[in-house]
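Have a look at the structure below, then the notes.
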Amino acid sequence: MTAAADLVLRDGEVHALGDETYDALAVRDGRVVQLANDYDAGFLVGTGTEVIDLDGRVVLPGFVDAHTHMETVGQYGVHADLRGASGPEEVTERLQARAAETGDEWVLGYGYDESAWDADDLHRSDLDAVSDDRPVAAIREDMHTATVNGVVLAEYGDELPDSDVLGDGRLVEDAVEVVYAATEPDPGETEELLRAAQREANERGVTCVHDMVRQSHAPRAFRELDLAGDLTVRVRLNYWRDHLDALIETGLRTNHGSGMVEVGGVKTYTDGSLGGHTAKLPEPYADAPDETGKWVVDPEELREFVARADDAGLQVTAHAIGDEAIDAVLDAYEECADAGASRHRVEHAELASDDAIERMADLGVVASMQPNFLKWAGGEGLYEDRLGTERREASNRFPAYREAGVPLAFGSDCMPLDPLLGVHYAVNAPAESQSLSVTEALRAYTAGGAYAGFREDEQGTIEKGALADLVVLEESPWERPESIRDIDVAATIVDGEVVYRAD
């Protein structure tokens, strides 16, 4: 006699993102044990079975966010949330509200994006208005740029590299790192941030994250949450390049860990961001004719790092946005014995040339990309200002990667942590050269991330024996492709347990 299921979902549309759709599925011991029609699924219902009537809702594999920063996601829920602020005045107001809630410590805000403002940028004076005796910092959404008040400049000025101080309180790259170091949360604060972040992940249908961590207590906090049974999202830890010696010394390798927390790879920068004019380009920026970006890690240093990490059995996740930076990463990967077996990755890969895309396909390198970045790629957006029309439309050419056979994994870079927003932009891209079908975009946000994390045999899919990591949507993205970002998540299931249910 067949054992009863722990959980049965019925009367829905279960999409395995293949050719077939089912009415129901059954789960036992955290795994899918049956895909069927409602009648057949009924035979697995026992006295202890939880049954969820979907009432026509859509079930998909749980979203795998292949590139995010969970600690930063948590900052939005703990510090001033600057996302969606309409201009400098609103940023000041939100920071003032945060200052009124706290004592004598830093006043921090995260997530502003000036690209749609009438004002040209955020300035020191906007943050001086928050406080003239406490350090105040607003971190831009890309995390490569920040604006600080006069107190920060006075207290930390000697530590700020002159080349990364743009004036009027604006900082980029290594100067921003000084702010991060000064505001690093302790272990207790880190756990608070990660609990807030996993709540948001659950609410967004995210069942697994590839978290990029640096100088953080996050690895410890995630493992303690796992041991306590309080972790409700799977975590793949990508350590920073300055952790490489410690990873080698302790013998950690890619894919070590438990079912909930495992070692991913080791991350490095090459260049910066388009927003900060620091992504490395072969030709000048359209709105800054003397600027071609900068190396955050120069190519020779990058090659040495990749060689050491690869020899140690570690996957490399290399940030590269500009075409010159992408080429430098691929040059380094070409020197590895088998970059495809290691599934080395290019993070962002926004401006890859045709030749670079072909090289990625030949090497088996994963393109870890963020479709939500297309919000800046419209005709009147940030990328038009920075790059001009031709280069803007040549950015984020997802179909070119797919057609070349490059493994494509989608993530959010927490701008914001919202897979349906990313899928929406991939389907409704500003240019045809950037647009995917609904199914293709969903696969990149599920199976693509699973492949990038070496778990394609059990994650990012709905099939018998796969992990019961699922998201339930109120409506079908195939039926309303023009407004996917407005679809609500009804429930999220991780390891067969309902970790989020909408009211």
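All values below were derived from every heavy atom in this structure, side-chain atoms included, with hydrogens, water molecules and symmetry-related copies excluded.
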If you measure only the distance, is there a donor-acceptor pair under 3.5 Å linking the side chains of [X] and [Y]?
X    : Y    : result
N255 : R455 : no
N372 : S412 : no
T49  : D6   : no
Q198 : T232 : yes
R480 : S483 : yes
T145 : R140 : no
E350 : N396 : yes

Determine, using ring centers only, whether F63 and F410 are less than 6.0 Å apart.
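Ring centres of F63 and F410 not closer than 6.0 Å.
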Looking at the rings of Y110 and H69, which for Trp means the six-membered one, are their centres under 6.0 Å apart?
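No, the ring centres sit 6.0 Å or more apart.
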Go through D331 and R359 one step at a time and tell me if the salt bridge (charged side-chain N to carboxylate O under 4.0 Å, His left out) criterion holds.
CA-CA 9 Å; D331 289 344; R359 289 174 72 193; 2.7 Å; yes
Check the angle between the aromatic planes of H67 and H348 and answer parallel, tilted or perpendicular using the 30° and 60° thresholds.
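The rings of H67 and H348 sit tilted, inter-plane angle from 30° to 60°.
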Do the side chains of [X] and [Y] get close enough for a salt bridge, i.e. N-O under 4.0 angstrom?
X    : Y    : answer
R195 : E192 : no
R234 : D469 : yes
D495 : R31  : no
R236 : D211 : no
D40  : R10  : no

List, one per line, each side-chain donor-acceptor pair under 3.5 Å for residues 217-225, sequence neighbours excluded.
{"residue": "R220", "atom": "NE", "partner": "E224", "partner atom": "OE2", "Å": "3.2"}
{"residue": "R223", "atom": "NH1", "partner": "Y239", "partner atom": "OH", "Å": "3.4"}
{"residue": "R223", "atom": "NH2", "partner": "Y239", "partner atom": "OH", "Å": "3.3"}

Walk me through it: do D418 and R485 pass the test salt bridge (charged side-chain N to carboxylate O under 4.0 Å, His left out)?
CA-CA 9 Å; D418 188 349; R485 62 184 171 187; over 6 Å; no
Of all residues at least two apart in sequence or in a different chain, which pass the side chain to side chain contact (heavy atoms under 4.5 Å, CB included) check with D81?
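With sequence neighbours excluded, D81 shows a side chain to side chain contact (heavy atoms under 4.5 Å, CB included) to Y76, R83, given in chain and number order.
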Of the non-hydrogen atoms in Q434 and S395, which two are nearest, and what is the gap between them?
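Residues Q434 and S395, closest heavy atoms: NE2-O, 2.9 Å.
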Taking the cut-offs as 6.0 angstrom to the six-membered ring centre and 45 degrees off its axis, would you call K375 and F373 a cation-pi pair?
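No, K375 and F373 do not form such a contact.
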When you measure from the centre of the six-membered ring of Y383, is the NZ or CZ of R392 closer than 6.0 Å and no more than 45° off the axis?
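The answer is no, since R392 fails at least one limit relative to Y383.
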With sequence neighbours excluded, give me every salt bridge (Lys or Arg N to Asp or Glu O under 4.0 Å) pair touching residues 438-452.
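Output for this query lists R402-E440.
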R28 side chain to A4 backbone, donor-acceptor under 3.5 Å:
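It does hold such a pair.
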Report the C-alpha separation of Y425 and W376 in whole Å, then their side-chain angles, then the decisive distance to 0.1 Å, and conclude whether the ring pair (Phe, Tyr, Trp, His ring centres under 6.0 Å) test is met.
CA-CA 10 Å; Y425 275 110; W376 294 309; 9.5 Å; no
